[in-house]
Amino acid sequence: MQSTLIFPMAAMVSLTVVVMIGMVRSRIRAVKHGEVKSTYYKTHQGDTEPREVAQFTRHVANLFETPVLFYVACLAAMITRQGGTLLMALAWTFVALRVVHAIVHLRSNKIPLRMNVFGTSCIVLIAMWVTLTLGVAAAQ
């Protein structure tokens, strides 16, 4: 079961790639429409990115913040053979919440909804770590 944790990990990687593609496309569009100079992307100084581009840029950065703890939990579960049904369910729940978070952040960007989804994903991540830690402790 623990090796199947690679699938929610692959789903998170896929989400990251999709958002990165969206970021690149929004940057190209902004440059083509004269909303920002291409030289801005040399050092990210000077001009201000249009809102849509900034949201994509910020979301890509966000996908390299708390999700890192998700990847580490999945890898640790695989290494310690703790990837049971509960951990798998938590992993997929985390991924689903991060997809919803991306949709909210990149579309409506309603802050209360975005915060609730993000907060819930953090609680799920904590639950993953508690489950993993207790599983490793019980196996000792």
Side-chain angles (χ1 to χ4, degrees):
M1 176 72 120
Q2 50 272 8
S3 65
T4 57
L5 282 168
I6 196 74
F7 297 116
M9 291 172 67
M12 276 300 302
V13 169
S14 297
L15 173 62
T16 302
V17 169
V18 166
V19 175
M20 289 172 81
I21 290 169
M23 178 187 70
V24 170
R25 291 179 67 183
S26 70
R27 286 178 174 183
I28 291 168
R29 195 169 36 250
V31 169
K32 281 184 178 179
H33 291 127
E35 298 174 281
V36 67
K37 293 177 186 167
S38 62
T39 55
Y40 170 78
Y41 294 105
K42 286 184 176 184
T43 60
H44 290 266
Q45 294 177 335
D47 291 344
T48 301
E49 285 183 310
R51 180 178 171 208
E52 177 192 11
V53 180
Q55 281 177 233
F56 269 102
T57 300
R58 181 64 196 117
H59 202 78
V60 167
N62 186 268
L63 288 168
F64 288 94
E65 293 170 354
T66 56
V68 170
L69 298 174
F70 165 78
Y71 294 122
V72 173
C74 289
L75 289 171
M78 290 164 49
I79 291 166
T80 60
R81 301 186 186 278
Q82 295 299 316
T85 305
L86 176 58
L87 202 57
M88 180 64 71
L90 290 168
W92 279 115
T93 300
F94 180 81
V95 171
L97 287 165
R98 293 309 304 216
V99 168
V100 172
H101 182 257
I103 291 167
V104 171
H105 190 189
L106 300 172
R107 300 276 170 112
S108 69
N109 203 14
K110 294 181 179 172
I111 303 297
L113 177 58
R114 195 174 107 203
M115 286 177 50
N116 286 333
V117 173
F118 179 79
T120 303
S121 75
C122 288
I123 291 167
V124 170
L125 186 58
I126 292 166
M128 283 181 70
W129 274 99
V130 168
T131 301
L132 175 59
T133 303
L134 291 175
V136 169
Q140 298 299 314

State, with a plain yes or no, whether a side-chain heavy atom of [X] is found less than 4.5 Å away from one of [Y].
X   : Y    : value
M23 : H59  : no
L97 : H101 : no
R51 : Q55  : yes
Y71 : V13  : yes
F70 : V95  : yes
Y41 : V53  : yes
V60 : T16  : no
L69 : M128 : no

How many angstroms lie between atom [atom1] of [X] and atom [atom2] of [Y], to the nearest 0.5 angstrom?
X    : Y    : atom1 : atom2 : value
M20  : L63  : CE    : CG    : 9.5 Å
H105 : R98  : NE2   : CZ    : 10.0 Å
M88  : T93  : CE    : OG1   : 11.5 Å
S121 : I126 : OG    : CD1   : 9.5 Å
Q45  : T39  : CD    : OG1   : 11.0 Å
S3   : R81  : OG    : CZ    : 9.5 Å

Quiz item: Do any N or O atoms from the side chain of N62 and from the backbone of R58 form a donor-acceptor pair under 3.5 angstrom?
Solution: no
Quiz item: Donor-acceptor pair, D47 side chain versus V36 backbone, under 3.5 Å?
Solution: no
For residues [X] and [Y], report the shortest heavy-atom separation together with the two atoms involved.
X   : Y    : answer
A11 : W92  : CB-CZ3, 3.8 Å
L87 : A77  : CD2-CB, 3.2 Å
T66 : L125 : O-CD2, 3.6 Å
P67 : F94  : CA-CZ, 4.1 Å

Are [Y] and [X] connected into the same hydrophobic cluster when the rule is that any two of I, L, V, M, F, W, Y join if their side-chain heavy atoms are below 4.5 Å apart?
X    : Y    : result
F7   : L86  : yes
F118 : V100 : no
L15  : L113 : yes
V72  : F64  : yes
I21  : V31  : no

Validation: residues 131-138 side-chain donor-acceptor distances under 3.5 Å, sequence neighbours left out:
{"residue": "T131", "atom": "OG1", "partner": "A127", "partner atom": "O", "Å": "2.7"}
{"residue": "T133", "atom": "OG1", "partner": "W129", "partner atom": "O", "Å": "2.7"}

Quiz item: Less than 4.0 Å between a side-chain N and a carboxylate O, is that true for R29 and E35?
Solution: no
Quiz prompt | R25 with E52: basic N within carboxylate O range, under 4.0 Å | solution = no
Self-check item: Full working for side-chain contact (heavy atoms from CB on, under 4.5 Å) between V104 and N109
Solution: CA-CA 5 Å; V104 171; N109 203 14; 5.6 Å; no
